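Some notes on the structure that comes next.
Counting convention: from 1, in listed order, for ligands and their atoms alike. What you see is a predicted model, and the numbers here were worked out from it, not measured in a lab.
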Amino acid sequence: MDTFLTNGRSVLLAYDQGLEHGPSMDFTDRNVDPSFIMETAVKGGFNGVILQKGLAERYYDGNVPLIVKLNGRSSLPKGEPLSRQVCSVEYAVSLGAKAVGYTIYLGSSFESEMFAEFGRIQEQAHERGLPAIAWVYPRGAAVQNDTSKEIVAYAARAALELGADAAKIKYTGDSQSFSWAVKSAGKMPVFMSGGPKAPDDATFLAHVAGAIKAGATGLAVGRNVWQNPDPLAMAKALRSLVIEATPQ
Ligand code: FBP
């Protein structure tokens, strides 16, 4: 994970929502353009940018480390969530990826398929010297509350035991309960997922500060940056909280 760290911490820019949610849900005339996101990633000093392979093929310019998401789904099918592999590790490497990402819906009746696929991907990534980052999102009829202390810690632990090099998990809402998830992750770095845009910057920054206080390595955030009227100002605030506050 060293490629993605500054002072042992990291702020990653996520931009795979076009497939996950559809453009009308999240995008404006400005942020629907992947070139705008690439520019934000570089000018904002992000430690990495997360793209699906189609965006990486057409827009990745090599100016910020790349993480290619290897699986994906749309928001259209209802029922138990399953996200299958759509890009190989080898192809991600050919696009310039320095890490690969994969979403596991913990608790879905299809979780075993995602466990198995991630297991293969993790081994293939390690053979090529790349970290495999797991997005672990508890979801499906078996999950009552996807941000409870217990379920977020379960997500972190599942990632550790499945061999992830880092896990991206949802914030529980407070630092103390999130610290249980960080503890459950052992030596594996934990990244806080951004989530829908917070009502104001202060609310989001308080969550970020809480996650860092709890021991998170950083965050992988999308909407709270590129839906902000001033994405570079938000990037600066995030770097200051996550990276520049870190003791050398
Ligand atoms: P955001 O910061 O915009 O929430 O991005 C993080 C992310 O994990 C994306 O990588 C992914 O597309 C999206 O959230 C998934 O969101 P959802 O919780 O709706 O599945």
Side-chain angles (χ1 to χ4, degrees), residues 4 10-28 31-32 34 36-37 40-41 44 46-56 66-84 86-87 92 97 99-108 110-111 114 118 132-140 143 145-148 151-152 155-156 159 164 166-173 190-199 201 203-205 207-208 211 216 218-228 231 234-235 237-238 241-242:
F4 298 96
S10 185
V11 184
L12 304 173
L13 187 62
Y15 191 62
D16 58 340
Q17 293 82 352
L19 176 60
E20 298 286 323
H21 302 151
S24 306
M25 176 71 84
D26 292 332
F27 296 157
T28 60
N31 61 33
V32 74
F36 172 72
I37 303 300
T40 302
F46 284 87
N47 293 93
V49 65
I50 301 157
L51 303 173
Q52 284 282 358
K53 74 171 177 183
L55 295 191
L66 173 66
I67 299 166
V68 172
K69 269 300 289 295
L70 296 189
N71 65 336
R73 69 189 286 265
S74 83
S75 62
L76 299 176
K78 301 303 167 207
E80 292 293 293
L82 170 63
S83 181
R84 296 300 287 263
V86 294
C87 177
V100 292
Y102 185 96
T103 300
I104 295 169
Y105 293 113
L106 187 72
S108 163
F110 299 116
E111 67 172 20
M114 291 172 276
F118 180 73
I133 305 171
W135 279 223
V136 188
Y137 292 161
R139 207 158 288 183
V143 177
N145 175 2
D146 69 349
T147 55
S148 73
I151 201 77
V152 175
K168 183 177 173 187
I169 55 176
K170 304 266 179 197
Y171 190 53
T172 52
V190 165
F191 285 73
M192 184 191 99
S193 173
K197 184 159 177 328
D201 293 358
T203 303
F204 183 60
L205 293 172
H207 288 177
V208 172
L219 49 145
V221 57
R223 289 165 285 182
N224 276 284
V225 171
W226 44 254
Q227 287 182 349
N228 194 290
M234 175 51 84
L238 294 176
L241 267 181
V242 175

Under 4.0 Å from a heavy atom of Arg223: which atoms of ligand 1 are those, numbered in the order shown and with their elements?
1 (P), 2 (O), 3 (O), 4 (O), 14 (O), 16 (O)
Does ligand 1 have any atom that is closer than 4.0 Å to a heavy atom of Asp16?
yes
So, for Trp135 and Phe191, is the gap between ring centers shorter than 6.0 Å?
no
Side chain, backbone, both or neither: which part of Arg139 has a heavy atom under 4.0 Å from ligand 1?
side chain
For atom 2 (O) of ligand 1, find the nearest protein heavy atom and state the residue, atom name and distance (0.1 Å precision).
Gly222 N, 2.7 Å
Got a second to check how far Gln17's CD is from Gln227's CD, nearest 0.5 Å?
8.0 Å
The closest protein heavy-atom partner of atom 6 (C) of ligand 1 is Lys168 NZ, 3.1 Å
Got an N/O contact under 3.5 Å between Gly195 and ligand 1?
yes
Just to confirm my output: which protein heavy-atom neighbour is closest to atom 8 (O) of ligand 1, and how far is it?
Tyr137 OH, 2.3 Å
Would you say the side-chain atoms of Trp226 pair up with the backbone N or O of Ala14, donor to acceptor, closer than 3.5 Å?
yes
Which of the numbered atoms in ligand 1 are under 4.0 angstrom from any heavy atom belonging to Ser193?
6 (C), 8 (O)
Pairwise distance OG(Ser193) to CD1(Ile169) - rounded to 0.5 angstrom
9.5 Å
Side chain, backbone, both or neither: which part of Glu20 has a heavy atom under 4.0 Å from ligand 1?
side chain
Gap between atom OH of Tyr102 and atom CE of Met114 - 0.5 Å precision:
6.5 Å
Kindly indicate whether a cation-pi arrangement holds for Lys170 with Tyr137, taking the cut-offs as under 6.0 Å to the six-membered ring centre and within 45° of the axis.
yes
For the side-chain contact (heavy atoms from CB on, under 4.5 Å) test, which of Gln52, Lys69, Lys53 pairs with Val86?
Gln52
With respect to Trp226, determine whether any N or O atom, backbone or side chain, lies less than 3.5 Å from an N or O atom of ligand 1.
no
Around atom 5 (O) of ligand 1, find the nearest protein heavy atom and jot down its residue, atom name and distance.
Gln17 NE2, 2.9 Å
Flag the pair Phe204 / Leu238 as yes when at least one side-chain heavy-atom distance between them is below 4.5 Å, and no otherwise.
yes
Which one holds for Lys170 and ligand 1: side chain close, backbone close, both close, or neither close, with close meaning a heavy atom under 4.0 Å?
side chain
Would you call Val49 and Leu66 a side-chain contact if the rule is heavy atoms closer than 4.5 Å?
yes
Quick one: nearest non-hydrogen protein atom to atom 15 (C) of ligand 1, plus distance?
His21 NE2, 3.8 Å
